[in-house]
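Comments concern the structure below.
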Amino acid sequence: QVQLVESGGGLVQAGDSLRLSCAASGRTFPTYAMAWFRQAPGKEREFVAAIRWNSGTTQYADSVQGRFIISRVQVTNTVYLQMNSLRSEDTAVYYCGARSRSDGRTGLSDREKYDSWGQGTQVTVSS
(Lines give C-alpha, C1' and ligand atoms only; values in the text may rest on other atoms or scores of the structure.)
Protein backbone atom coordinates (compact mmCIF):
# COMPACT_ATOMS: atom_id res chain seq x y z
CA GLN A 1 0.00 0.00 0.00
CA VAL A 2 2.72 2.41 1.02
CA GLN A 3 6.22 2.29 -0.33
CA LEU A 4 8.92 3.43 2.04
CA VAL A 5 12.58 4.07 1.37
CA GLU A 6 14.96 4.88 4.19
CA SER A 7 18.23 6.70 3.85
CA GLY A 8 20.79 8.48 5.95
CA GLY A 9 22.32 5.65 7.91
CA GLY A 10 26.01 5.24 8.36
CA LEU A 11 28.91 4.82 10.71
CA VAL A 12 29.33 7.47 13.39
CA GLN A 13 31.07 7.84 16.71
CA ALA A 14 29.36 7.95 20.06
CA GLY A 15 28.05 11.42 20.78
CA ASP A 16 27.54 12.24 17.13
CA SER A 17 24.30 13.07 15.40
CA LEU A 18 22.64 11.57 12.39
CA ARG A 19 19.45 12.22 10.51
CA LEU A 20 17.49 9.47 8.87
CA SER A 21 14.98 10.08 6.14
CA CYS A 22 12.03 8.02 5.00
CA ALA A 23 10.49 8.83 1.66
CA ALA A 24 6.92 7.59 1.38
CA SER A 25 4.72 7.08 -1.61
CA GLY A 26 1.73 5.07 -2.69
CA ARG A 27 -1.92 5.41 -3.46
CA THR A 28 -2.98 5.20 0.19
CA PHE A 29 -0.50 7.70 1.46
CA PRO A 30 -0.85 9.91 3.52
CA THR A 31 -1.64 7.44 6.24
CA TYR A 32 -2.47 7.44 9.92
CA ALA A 33 0.98 7.32 11.43
CA MET A 34 4.60 6.84 10.58
CA ALA A 35 7.20 5.38 12.85
CA TRP A 36 10.77 4.35 13.21
CA PHE A 37 11.65 0.96 14.57
CA ARG A 38 15.05 -0.59 14.94
CA GLN A 39 16.46 -4.05 15.16
CA ALA A 40 19.80 -4.94 16.61
CA PRO A 41 21.46 -8.32 16.05
CA GLY A 42 19.77 -11.01 18.10
CA LYS A 43 16.94 -8.75 19.19
CA GLU A 44 13.35 -8.14 18.24
CA ARG A 45 12.41 -5.14 16.21
CA GLU A 46 11.68 -2.41 18.73
CA PHE A 47 9.81 0.85 18.67
CA VAL A 48 11.82 4.06 18.51
CA ALA A 49 9.53 6.94 17.61
CA ALA A 50 6.25 7.63 15.87
CA ILE A 51 4.28 10.54 14.55
CA ARG A 52 0.67 10.92 13.56
CA TRP A 53 0.61 12.18 10.02
CA ASN A 54 -2.15 14.71 10.32
CA SER A 55 -1.76 16.06 13.83
CA GLY A 56 1.98 15.72 14.24
CA THR A 57 1.58 14.15 17.66
CA THR A 58 4.73 12.25 18.56
CA GLN A 59 5.65 9.34 20.76
CA TYR A 60 9.08 8.12 21.77
CA ALA A 61 10.61 5.09 23.36
CA ASP A 62 12.07 5.81 26.76
CA SER A 63 15.51 4.87 25.51
CA VAL A 64 15.57 7.73 23.00
CA GLN A 65 13.43 10.33 24.75
CA GLY A 66 15.25 13.63 24.79
CA ARG A 67 17.81 12.51 22.22
CA PHE A 68 15.82 11.71 19.10
CA ILE A 69 13.25 13.82 17.31
CA ILE A 70 10.80 12.51 14.77
CA SER A 71 9.28 14.92 12.30
CA ARG A 72 7.52 14.94 9.00
CA VAL A 73 7.20 17.26 6.05
CA GLN A 74 3.80 16.54 4.64
CA VAL A 75 4.28 18.26 1.32
CA THR A 76 7.18 15.97 0.47
CA ASN A 77 5.79 12.84 2.14
CA THR A 78 8.94 12.52 4.16
CA VAL A 79 9.56 11.44 7.73
CA TYR A 80 12.78 12.21 9.52
CA LEU A 81 14.50 10.91 12.59
CA GLN A 82 17.03 13.30 14.03
CA MET A 83 19.29 11.29 16.28
CA ASN A 84 21.49 13.16 18.71
CA SER A 85 23.93 12.02 21.35
CA LEU A 86 24.19 8.64 19.74
CA ARG A 87 25.33 5.71 21.81
CA SER A 88 26.71 2.35 20.89
CA GLU A 89 23.45 0.75 21.97
CA ASP A 90 21.70 2.71 19.23
CA THR A 91 23.45 0.52 16.70
CA ALA A 92 20.78 -1.24 14.66
CA VAL A 93 19.04 -1.41 11.37
CA TYR A 94 16.45 1.33 11.42
CA TYR A 95 13.17 0.71 9.66
CA CYS A 96 10.49 3.13 8.65
CA GLY A 97 6.95 1.88 9.09
CA ALA A 98 3.53 3.12 8.08
CA ARG A 99 0.31 2.48 9.95
CA SER A 100 -2.82 2.87 7.90
CA ARG A 101 -5.53 2.66 10.54
CA SER A 102 -6.21 4.02 13.96
CA ASP A 103 -7.87 2.00 16.67
CA GLY A 104 -9.42 2.65 20.04
CA ARG A 105 -6.06 3.11 21.72
CA THR A 106 -3.72 6.06 21.69
CA GLY A 107 -0.39 4.26 21.55
CA LEU A 108 1.70 4.14 18.41
CA SER A 109 4.38 1.70 19.47
CA ASP A 110 2.88 -1.67 18.53
CA ARG A 111 4.82 -2.97 15.58
CA GLU A 112 2.11 -5.42 14.57
CA LYS A 113 -0.18 -2.48 13.77
CA TYR A 114 2.10 -1.16 11.08
CA ASP A 115 1.25 -2.24 7.57
CA SER A 116 4.22 -1.25 5.46
CA TRP A 117 7.94 -1.28 6.00
CA GLY A 118 11.00 -0.01 4.29
CA GLN A 119 14.08 -2.09 3.71
CA GLY A 120 15.99 -0.48 6.54
CA THR A 121 19.11 1.58 6.88
CA GLN A 122 22.08 0.59 9.00
CA VAL A 123 23.20 2.84 11.82
CA THR A 124 26.43 1.90 13.50
CA VAL A 125 27.71 3.85 16.47
CA SER A 126 31.26 3.19 17.49
CA SER A 127 32.54 3.86 20.97
Side-chain angles (χ1 to χ4, degrees):
Q1 298 278 24
V2 178
Q3 291 75 51
L4 305 172
V5 180
E6 303 98 333
S7 63
L11 174 63
V12 298
Q13 293 185 328
D16 285 353
S17 296
L18 200 62
R19 189 178 77 161
L20 306 182
S21 299
C22 175
S25 62
R27 63 186 183 275
T28 62
F29 195 87
T31 190
Y32 169 63
M34 302 289 293
W36 290 96
F37 287 72
R38 66 188 182 187
Q39 188 166 21
K43 295 186 177 181
E44 297 280 340
R45 189 172 299 189
E46 67 174 0
F47 171 75
V48 177
I51 187 167
R52 292 188 184 183
W53 190 254
N54 290 332
S55 71
T57 301
T58 59
Q59 183 180 332
Y60 296 93
D62 290 343
S63 60
V64 306
Q65 181 72 48
R67 297 190 298 124
F68 291 8
I69 301 171
I70 188 171
S71 62
R72 92 286 198 221
V73 178
Q74 291 172 296
V75 71
T76 61
N77 298 338
T78 305
V79 178
Y80 300 97
L81 184 67
Q82 178 66 46
M83 304 184 293
N84 301 314
S85 301
L86 283 163
R87 307 165 180 167
S88 59
E89 54 262 42
D90 295 317
T91 295
V93 177
Y94 283 71
Y95 296 92
C96 181
R99 177 177 170 180
S100 63
R101 300 286 298 275
S102 64
D103 57 18
R105 306 179 69 177
T106 60
L108 300 173
S109 63
D110 295 333
R111 65 179 182 268
E112 67 271 14
K113 297 180 181 179
Y114 287 79
D115 311 299
S116 302
W117 297 95
Q119 291 299 117
T121 185
Q122 176 71 49
V123 173
T124 302
V125 184
S126 64
S127 60

Is a side-chain donor or acceptor of [X] paired with a backbone partner of [Y] at a separation under 3.5 angstrom?
X	Y	result
D103	R105	yes
E6	G120	yes
T31	R99	yes
R72	N54	yes
N77	S25	no
Q82	R19	no
T124	L11	no

[X] versus [Y], closest heavy-atom pair with distance:
X	Y	answer
A14	S127	CB-CA, 4.3 Å
Q39	A92	O-CB, 3.4 Å
A24	V2	CB-CG1, 4.3 Å

TODO: Would you sort out whether T121 and Y95 count as a side-chain contact (heavy atoms from CB on, under 4.5 Å), showing the intermediate values?
DONE: CA-CA 7 Å; T121 185; Y95 296 92; over 6 Å; no
Task: Pair S63-R87, side-chain contact (heavy atoms from CB on, under 4.5 Å): steps then yes or no - done: CA-CA 11 Å; S63 60; R87 307 165 180 167; 6.0 Å; no
Inter-residue atom distance [X].[atom1] - [Y].[atom2], 0.5 Å rounding:
X	Y	atom1	atom2	value
W36	L81	CH2	CG	6.0 Å
Y80	I51	OH	CD1	12.0 Å
C96	Y114	SG	OH	9.5 Å
Q13	L86	CD	CG	11.5 Å
L108	Q59	CG	CD	5.0 Å
S116	M34	OG	CE	8.5 Å

TODO: Could you tell me whether Q74 atom CD has more than 12 heavy atoms of other residues or ligands within 6.0 Å of it?
DONE: yes
Open item on the list: According to a hydrophobic-cluster definition based on side-chain heavy atoms being under 4.5 Å apart (Ile, Leu, Val, Met, Phe, Trp, Tyr only), do V48 and L20 belong together?
Closed with: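 Yes, it is one cluster - the side chains of V48 and L20 are joined through contacts under 4.5 Å.
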TODO: Establish whether V123 and L4 are linked, either directly or via other cluster members, by ILVMFWY side-chain heavy-atom contacts under 4.5 Å.
DONE: yes
Task: Check ion pair D110-K113 (N to O, under 4.0 angstrom) - done: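 Result for this pair is yes, salt bridge flagged.
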- [ ] Give a yes or no on whether a salt bridge exists between R111 and E46, defined as a side-chain N under 4.0 angstrom from a carboxylate O.
- [x] no
Open item on the list: Walk me through whether F68 and M83 qualify under side-chain contact (heavy atoms from CB on, under 4.5 Å).
Closed with: CA-CA 4 Å; F68 291 8; M83 304 184 293; 3.5 Å; yes
TODO: Run the numbers on V79 and I70 for side-chain contact (heavy atoms from CB on, under 4.5 Å), then give the verdict.
DONE: CA-CA 7 Å; V79 178; I70 188 171; 3.9 Å; yes
TODO: Step through it carefully: locate the ring centre of Y60, locate the ring centre of F47, and say whether they are under 6.0 Å apart.
DONE: no
TODO: Measure from NZ or CZ of R101 to the centre of the six-membered ring of Y32, then state whether that distance is under 6.0 Å and the direction lies within 45° of the axis.
DONE: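 No; the conditions do not both hold, so R101 does not lie above the ring face of Y32.
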Task: Row check, W117 ring normal vs R45 NZ/CZ: under 6.0 Å, within 45° - done: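 Judged by the rule (NZ or CZ under 6.0 Å from the ring centre, within 45° of its axis), R45 counts as positioned above W117.
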- [ ] Check the pair T91 / E89 against side-chain hydrogen bond (donor to acceptor under 3.5 Å, both in side chains), numbers first and verdict last.
- [x] CA-CA 5 Å; T91 295; E89 54 262 42; over 6 Å; no
